[in-house]
Q: 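Just dropping this structure here.
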Amino acid sequence: MCELNIWGGVGGAELRGKRSVSPPPAKYGGRHTVTLIPGDGIGPELLNHVRELFRFCCVPVDFEVVTVDSSVVSEDEINNAVTAIRRNGVALKGNIETNHNLPPSHKSRNNLLRTSLDLYANVMHCQTLPGVQTRHKDIDIIIIRENTEGEYSSLEHENVPGVVESLKIITRVNSLRIAEYAFKLAREKGRRRVTAVHKANIMKLGDGLFLQCCKEVAAGYPDIAFDNMIVDNTTMQLVSKPQQFDVMVMPNLYGNVVSNVCAGLVGGPGLVPGANYGKNYAVFETATRNTGKSIANKNVANPTATLLASCLMLDHLGLVDYASMIRKAIFKTLSETRLHTADIGGLATTSEVVQSIMREVQKTGPLTSEYI
Amino acid sequence: PQGLSGARLQPLCVRSLSLTSSRNALESPPARADSTFKVTMVPGDGVGPELMTAVKEVFKAGDVPVEFEEFHLSEVQNMASEEKLNEVLGSMKNNRVAIKGKIHTPMEYKGELASYEMRLRRKLDLFANVVHVNSLPGYSTRHNNLDLVIIREQTEGEYSSLEHESVAGVVECLKIITREKSRRIAKFAFDYATKKGRSKVTAVHKANIMKLGDGLFLQSCAEVAELYPKIKYENIIIDNCCMQLVQNPYQFDVLVMPNLYGNIIDNLAAGLVGGAGVVPGESYSAEYAVFETGARHPFAQAVGRNIANPTAMLLSAANMLLVLSPQNQCVSVCVSLCVCVSQVRTRDLGGYSTTGDFVRAVVANLRHRPVY
């Protein structure tokens, strides 16, 4: 996975003249410490499975658990979580529910986390998984979504009663930054085309600025083709011919819509992991950020997305071998053993799937052979 | 109701798609079987003129007593000006019904943030856009037997054309949501559902992030829903809605939403049943009705190549006939269209026929229809 915030860079050059002090990586005696935020709904049970699996595979990662209660109005808990992530640098999280009945000043906790840590890039890699029945085949799209500004600025007011103005902010700095990230990632992964998704025919200044920044950055990467598409045409194309897309970059709201459409195309919210990258921090979660309240604690949730997100985290920490071992086991369970949870049309429970993954790891991994 | 011929076979009151009793009072003299109707026609850009030619040919073959008043309003071809716009508006005031193609909005900012299409909509106050997403009989896609109605608020929201750059490199786009317009579109949606015998209305929003804006929209929908105890009311967040549409679109019946989400969902749903060439749509204000395609694209790449699919425009024209005079002729136009779609396929549906072939097939079917 992408190593744009490489730990080696933190220390000397980064600390000089920076407002936020980023501590050296939390790795001692070969063991990493990672912040774990269980969240609500299916988050806690799935993250418990992750911990179980890591213990079984002897992955050298320790979790520092920080709970965030979504019903509490004070922001202390989320600030604690943010500080914990600043300490450890990497986090794995479930989705924290946003209670609609609280007043509008109560901001979304997930949003606060993303903006405080400046996790500007949300990367979602959508691939058709082996063994999962879908209407579309051969999809392999990387979606890069600007994560901090755009329509999610939470700047709204009601000047005149009955008339609400919501501000959508697009800045040159952030647009250049996300475009730069997208092209760098495309180059690293050997991708050939980047498509910018926008609505500049209607929001001429806003999305016009975003598009212009993408074009400027594209000029510096002549080996990668760059084109752009309006968001309505994009969704229509995604539904009819998703194989034409390679890497897509877009502002916040369109990213939300497009990533959910793509998740639906490859089999649903239970299968796709997502990652949020900032300059110094990385937070991993499921791509579509669902709380799954209605299926919480019923042992029917699909653990694939959370487990694949933990693999992304292992890649980020440099534990590539463990990551590929777990990933292979997950794909084997999906395709050969065909143990599917209800959302992809099967009858298995979450624990059965996790047990099957552990069995696969046991069969192939040399690391656990001494423990048998 | 299956496919195309659902509600069309039931007699409808002429123009009573506008909603309060007071409006029925200012109707022009009741339609007579031998009167000719005058309809404003704005061909627009791209393949618009070709599609309009198709409509005219089919109407002539079906002996439809409709006379078209054409206006060529186009921003990209430099044929747009205030006077032209006023001419179109004047014609609309007389005729009340129009059929139009897409007036393309150039992406460059030439000093005017609102496009001509937006201005036309605002001046005529065409607040409701209705798109009928029906699977074509005889053409199977990944989702068959789909029957959705998408209602979109068309005058405010993200398309307010209010943008500014107060600080260099930072653009603010305003999204306006008002209680009055949200209530109006919600009432339209529920009235439409009642009229067409639909059982469920789902509001699409993103109120977890835009708490005041979309929160107001949601609140207005809930208030209006109380007046319609027989119709089920639900709401869903836009990202989940997109994912559900891709995985299981049958759970939706009527969808109502603000401007931008409507644009995205219209196109997504059009992609599900076969693309932009297949889905008809119309825009309503209290007094006027404008008929057009559901997914609005000029499709400039197809100009002059005779490959555009006229189905959407012809279906929309048939809907227009239904509003003008619900008598035999519109039924036969529809029926011949149905037959043709299953036999003669244009490029977008995987066939090799040209626009001309399709129109000729429809005309041939009309000529051989039984005349009572």
Q: Heavy-atom pairs under 4.5 Å with chain A - which of B/Leu212, B/Leu162, B/Ile177 has more of them than the others?
A: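 Of the candidates given, the most pairs with chain A belong to B/Leu212.
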Q: Can you say whether B/His164 sits under 4.5 Å from chain A via the side chain, the backbone, both, or neither, judging by heavy atoms?
A: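 Just the backbone, heavy atoms under 4.5 Å.
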Q: Using the side-chain contact (heavy atoms from CB on, under 4.5 Å) rule, take A/Thr288 and B/Asp239 through it: C-alpha gap first, then chi angles, then the decisive distance, then the call.
A: CA-CA 8 Å; A/Thr288 46; B/Asp239 53 12; over 6 Å; no
Q: Specify which of A/Ile169, A/Val261, A/Asn256, A/Asn174 makes the most heavy-atom pairs with chain B at under 4.5 Å.
A: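 Top option by heavy-atom pairs under 4.5 Å: A/Asn256.
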Q: Rounded to the nearest 0.5 Å, what separates atom CE in A/Met203 from atom CG in B/Leu174?
A: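 Reported value, rounded in 0.5 Å steps: 11.5 Å.
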Q: Roughly how far, to the nearest 0.5 Å, is the CD1 atom of B/Ile238 from the CG atom of A/Asn260?
A: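 Result: 9.0 Å between the selected atoms.
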Q: So, do B/Asp266 and A/Asp232 sit near enough that their side-chain heavy atoms are less than 4.5 Å apart?
A: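 SC-SC contact between B/Asp266 and A/Asp232 ruled out.
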Q: A/Asn228 versus chain B, heavy atoms under 4.5 Å apart: side chain, backbone, both or neither?
A: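 Just its side chain gets close to chain B.
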Q: Going from CD1 on B/Ile209 to OG1 on A/Thr98, what distance comes out if it is rounded to the nearest 0.5 angstrom?
A: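 Going from CD1 on B/Ile209 over to OG1 on A/Thr98, the span is 6.5 Å.
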Q: So for A/His198, is it side chain, backbone, both, or neither that comes closer than 4.5 Å to the heavy atoms of chain B?
A: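 Side chain only.
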Q: So which of B/Met118, B/Glu156, B/Arg183, B/Arg142 has the largest heavy-atom pair count under 4.5 angstrom toward chain A?
A: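 Heavy-atom pair counts peak at B/Arg142.
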Q: Mind checking whether A/Lys168 and B/Lys175 have side chains closer than 4.5 Å, heavy atoms only?
A: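 No, side chains not in contact.
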Q: Contact part of A/Phe210 toward chain B, heavy-atom cut-off under 4.5 Å: side chain, backbone, both or neither?
A: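 Neither the backbone nor the side chain of A/Phe210 comes within 4.5 Å of chain B.
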Q: I need the B/Glu163 CD to A/Asp207 CG distance, nearest 0.5 Å.
A: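 Going from CD on B/Glu163 over to CG on A/Asp207, the span is 8.0 Å.
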Q: Check whether B/Leu216 gets within reach of chain A through its side chain, its backbone, both or neither, counting any heavy atom under 4.5 Å.
A: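 Only the side chain of B/Leu216 comes within 4.5 Å of chain A.
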Q: With chain A, which of B/Gln244, B/Met243, B/Arg179 has the greatest number of heavy-atom pairs at distances under 4.5 Å?
A: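 Among B/Gln244, B/Met243, B/Arg179, the one with the most close pairs to chain A is B/Met243.
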Q: Taking all atoms of both residues into account, what is the closest heavy-atom pair of B/Val246 and A/Gly264, and its distance?
A: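 Scanning both residues, the minimum pair turns out to be CG1-C, 3.7 Å.
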Q: Can you tell me which portion of A/Pro269 sits under 4.5 Å from chain B's heavy atoms? Options are side chain, backbone, both or neither.
A: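 Interface part for A/Pro269: both.
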Q: Quick one: what part of A/Asn110 sits under 4.5 Å from any heavy atom of chain B, side chain, backbone, both or neither?
A: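 Neither part; nothing is under 4.5 Å.
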Q: Side chain, backbone, both or neither: which part of B/Glu158 has an atom under 4.5 Å from a heavy atom of chain A?
A: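 Looking at B/Glu158, backbone and side chain both touch chain A.
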Q: When only pairs under 4.5 Å are counted, which of B/Ala276, B/Ser161, B/Ala295, B/Ser160 shares the most heavy-atom pairs with chain A?
A: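 Winner by heavy-atom pair count: B/Ala276.
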Q: May I ask you to decide if B/Gly213's main-chain N or O and A/Glu156's side chain share a donor-acceptor pair within less than 3.5 Å?
A: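 Side chain of A/Glu156 to backbone of B/Gly213: a pair is present.
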Q: Quick check for you: to the nearest 0.5 Å, what is the distance between A/Lys204 atom NZ and B/Ser115 atom OG?
A: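 It is 6.0 Å, given to the nearest 0.5 Å.
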Q: Sub-3.5 Å donor-acceptor pair from the side chain of A/Arg135 to the main-chain atoms of B/Gln247, do we have one?
A: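 At least one qualifying donor-acceptor pair exists.
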Q: Side chain, backbone, both or neither: which part of B/Leu272 has an atom under 4.5 Å from a heavy atom of chain A?
A: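 Looking at B/Leu272, backbone and side chain both touch chain A.
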Q: Please flag which part of B/Ala269 lies under 4.5 Å from any non-hydrogen atom of chain A: side chain, backbone, both or neither.
A: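 Contact with chain A: none, neither part.
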Q: What residue, out of B/Lys181, B/His143, B/Glu165, B/Glu180, has the most heavy-atom pairs lying under 4.5 Å from chain A?
A: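 Counting heavy-atom pairs under 4.5 Å, the top option is B/His143.
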Q: Which answer fits A/Leu238, side chain, backbone, both or neither, if we ask what part of it has an atom under 4.5 Å from a heavy atom of chain B?
A: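 Contact with chain B involves no heavy atom of A/Leu238 at all.
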Q: Going by side-chain contact (heavy atoms from CB on, under 4.5 Å), name the residues that satisfy it together with A/Asn201, two or more places apart in sequence or in a different chain.
A: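 In terms of side-chain contact (heavy atoms from CB on, under 4.5 Å), with neighbours along the sequence ignored, A/Asn201 is linked to A/Lys199, A/Ile230, B/Thr105, B/Met107.
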Q: Among all residues two or more places apart in sequence or in another chain, which pass the side-chain hydrogen bond (donor to acceptor under 3.5 Å, both in side chains) test with B/Asn248?
A: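 In terms of side-chain hydrogen bond (donor to acceptor under 3.5 Å, both in side chains), with neighbours along the sequence ignored, B/Asn248 is linked to no residue.
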Q: How close do B/Gly271 and A/Val239 get, counting heavy atoms only, and between which atoms?
A: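 Smallest heavy-atom distance, with atoms named: C-CG1, 3.8 Å.
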Q: Against chain A, label B/Leu260 side chain, backbone, both or neither, depending on which of its atoms sit under 4.5 Å from a heavy atom there.
A: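 Interface part for B/Leu260: side chain.
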Q: Is it the side chain or the backbone of B/Phe217 that comes within 4.5 Å of chain A heavy atoms, both, or neither?
A: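 Neither; nothing under 4.5 Å.
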